[in-house]
Number of protein chains: 2
Amino acid sequence: MSSLVLKLSSVYDWVMSQKLFAATADDPVQDPAMLRIDNPPVTLREMALERLRNAIIAGIFRPGQRLVERALCDQLGVSRSVIREVLRHLEAEGLVEMAPKQGPIVALIAWHQARQIYDIRIALETTAVADCARGADPDTKEKLRTVLEDLDRNSRKNDALTILAATNAFYETIFLSGGHEIAWDIVKRLNGRISRLRVMTLATANRTISGPANMRAIFDAILRNDPDAATAACRAHITEAARIAEGLLSPETPATIA
Amino acid sequence: MSSLVLKLSSVYDWVMSQKLFAATADDPVQDPAMLRIDNPPVTLREMALERLRNAIIAGIFRPGQRLVERALCDQLGVSRSVIREVLRHLEAEGLVEMAPKQGPIVALIAWHQARQIYDIRIALETTAVADCARGADPDTKEKLRTVLEDLDRNSRKNDALTILAATNAFYETIFLSGGHEIAWDIVKRLNGRISRLRVMTLATANRTISGPANMRAIFDAILRNDPDAATAACRAHITEAARIAEGLLSPETPATIA
DNA sequence: TTCCGTATGTTGGTATACCATCATATCAAG
DNA sequence: CTTGATATGATGGTATACCAACATACGGAA
């Protein structure tokens, strides 16, 4: 770990690949603002933020691990100003905590918190899928179909991070189709906080089977424009994930996952 | 506005009054960790964060207004490092946006976003009040009664910020009694983003009447341990607030409230 | 009068320097 | 062997310096 390096030199392509700009660019057909030159002022801070966030979510930095500022400076190749501003952002996101007298550490997650997160996801995601089932346009349905195909392909390879990305794409499509950008922001943030749990959950054998099955049930309900069925399937999906997560986390020490 | 000064000198008492530490100190009876000395490292950054956040929520800085870093340095009496880290935090909270080529501005709120926020609040708050109604202990009920009394007293004075604080205390009690700390964090943050709307909504005459009435209906339902009635009353409370807010915001220019 | 180029001042982005504090190690006294 | 005091190294908190880029104002030329 001491040799970990996350250099930012020549990461422009990487940044571009992260569709950082999806939030600002709408459908080119409808949005004349698409003509904007939009030379994106990719700042060091933004790059470092994405890097560090991904590193934490991917588990490169373990929960509870100290994030020594000067060490991060070396690893990322930027100054402390940048690192500290990034840490403030991640702190507000809940991914980093400030341990008293110690400085920043990767946030710990207790089961009673994870459970709340799953509950909130149920509340927000069931609303979103129901809305989507009520009025999904053909484009959305087609997109969901494509995402599910990707998921099926990838679920066989059992690459947790890839599956996670596909799952995110699935729900992102649902949320955004119903105009729930803010709710999606919240869910994204919450998912970041339980990312380790999600990876561990996916590693569970039966999860790679029933997870996609549940999502297909949601998809079918949306195709049939059946909000109630979609809600039920969504609730089942998250509830099951939460149950698996509880089995993984609950027996651990009283409040943390290391 | 140019003479605005938010000096931090000798604000220790103010900070203490903000119950910054409520999150770290639990019930002293149950929590032996309460014995900790806990010399709170009140950092300049934390003070500046609270100050600036409150200033934005209170409307001292208007939506869309530029937050020039060096000017804030003068107004708050701290260096740019502190200001910039605070701005990062507020940016992650959604209270501040980074305008391209311009720097930070107070976040604008469009009605289609405000509407989403009210919808999310309905999802989260109905869940919380239902849980509270299911298993509220006498202490919680007593606390709610006290808060409602405060509200009645203050609602006559028509001081929007005070009423807002009492309303927050009401819901905070409900959320925390059911162990929904994370949901309450989310709601708090969302409320910050629509704080102007909330103040304007409260200024509406009939709101000062029906708002407390709705909250009393929620309270009564909790007293009777009637989750369904509590849910309905809560939904009515938020829906009504949203309707008033829509009337205030919707006729405005296409996407912002200034 | 209009248009264009230059100069200037403001702003955010970045890096670095300094300081108080805390944790740890070392060592001496009991 | 244990306890306590001192020294030292590391860490976060804070302030400041420097720079590139942008916006604006001004002035001259067509």
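Chain A is the first sequence line, chain B the second, and so forth, proteins listed ahead of strands; every chain is numbered from 1. Basis for what follows: all heavy atoms, side chains included, without hydrogens, waters or symmetry-related copies.
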Who pairs with B:A92 by side chain to side chain contact (heavy atoms under 4.5 Å, CB included), at least two apart in sequence or on another chain?
A:H89, A:A92

Applying side chain to side chain contact (heavy atoms under 4.5 Å, CB included), name anything that partners B:A99, two or more places apart in sequence or on another chain.
B:Q102, B:I105

With sequence neighbours excluded, tell me which residues meet side chain to side chain donor-acceptor pair (under 3.5 Å) with B:T140.
B:D137

State which residues pass side chain to side chain donor-acceptor pair (under 3.5 Å) with A:T146; sequence neighbours excluded, sorted by chain then number.
none

Qualifying salt bridge (charged side-chain N to carboxylate O under 4.0 Å, His left out) pairs with a residue from residues 81-95 of chain B, counting only residues at least two apart or across chains
A:R84-B:E85, A:E85-B:R84, A:E85-B:R88, A:R88-B:E85, B:R45-B:E85, B:R53-B:E93, B:E69-B:R84, B:R88-B:E91

Nearest heavy atom decides the nucleotide; on that basis, is B:G103 or A:S81 closer to the 5' end of DNA chain C?
B:G103

Tell me which of B:V68 and A:R80 sits closer to the 5' end of DNA chain C, going by the nucleotide each one is nearest to.
B:V68

Length of the [atom1]-[atom2] vector between [X] and [N], whole Å:
| X | N | atom1 | atom2 | value |
| --- | --- | --- | --- | --- |
| A:Q102 | C:dC22 | CD | C1' | 10 Å |
| B:L72 | C:dG12 | CG | P | 9 Å |
| A:R45 | C:dG12 | CZ | C1' | 9 Å |

On the side chain of B:R70, is there an atom forming a donor-acceptor pair with the base of C:dG12 - under 3.5 Å, no angle test?
yes

With a non-hydrogen cut-off below 4.0 angstrom, is A:I83 in contact with a base, only sugar-phosphate, or nothing?
nothing

What side-chain donor-acceptor pairs closer than 3.5 Å can you find for residues 114-121 of chain A, not counting sequence neighbours?
from, atom 1, to, atom 2, distance (Å)
A:Q116, OE1, B:E181, N, 2.9
A:Q116, OE1, B:I182, N, 2.9
A:Q116, NE2, A:H112, O, 3.2
A:Q116, NE2, B:G179, O, 3.1
A:Q116, NE2, B:E181, OE1, 2.8
A:R121, NE, A:E125, OE2, 2.9
A:R121, NH1, A:N191, OD1, 3.2

Minimal heavy-atom distance between B:L124 and B:A183, with the atoms involved, is CD1-O, 4.2 Å

5'-most to 3'-most nt of DNA chain D touching chain A (<4.0 Å, heavy-atom partner on protein side) reads D:dT11 to D:dT14

Those residues at least two apart in sequence (or on a different chain) that pass salt bridge (charged side-chain N to carboxylate O under 4.0 Å, His left out) with B:D150 are B:R153

Where along residues 84-97 of chain B does a heavy atom come under 4.0 Å from DNA chain C, residue by residue in number order?
B:R84, B:R88

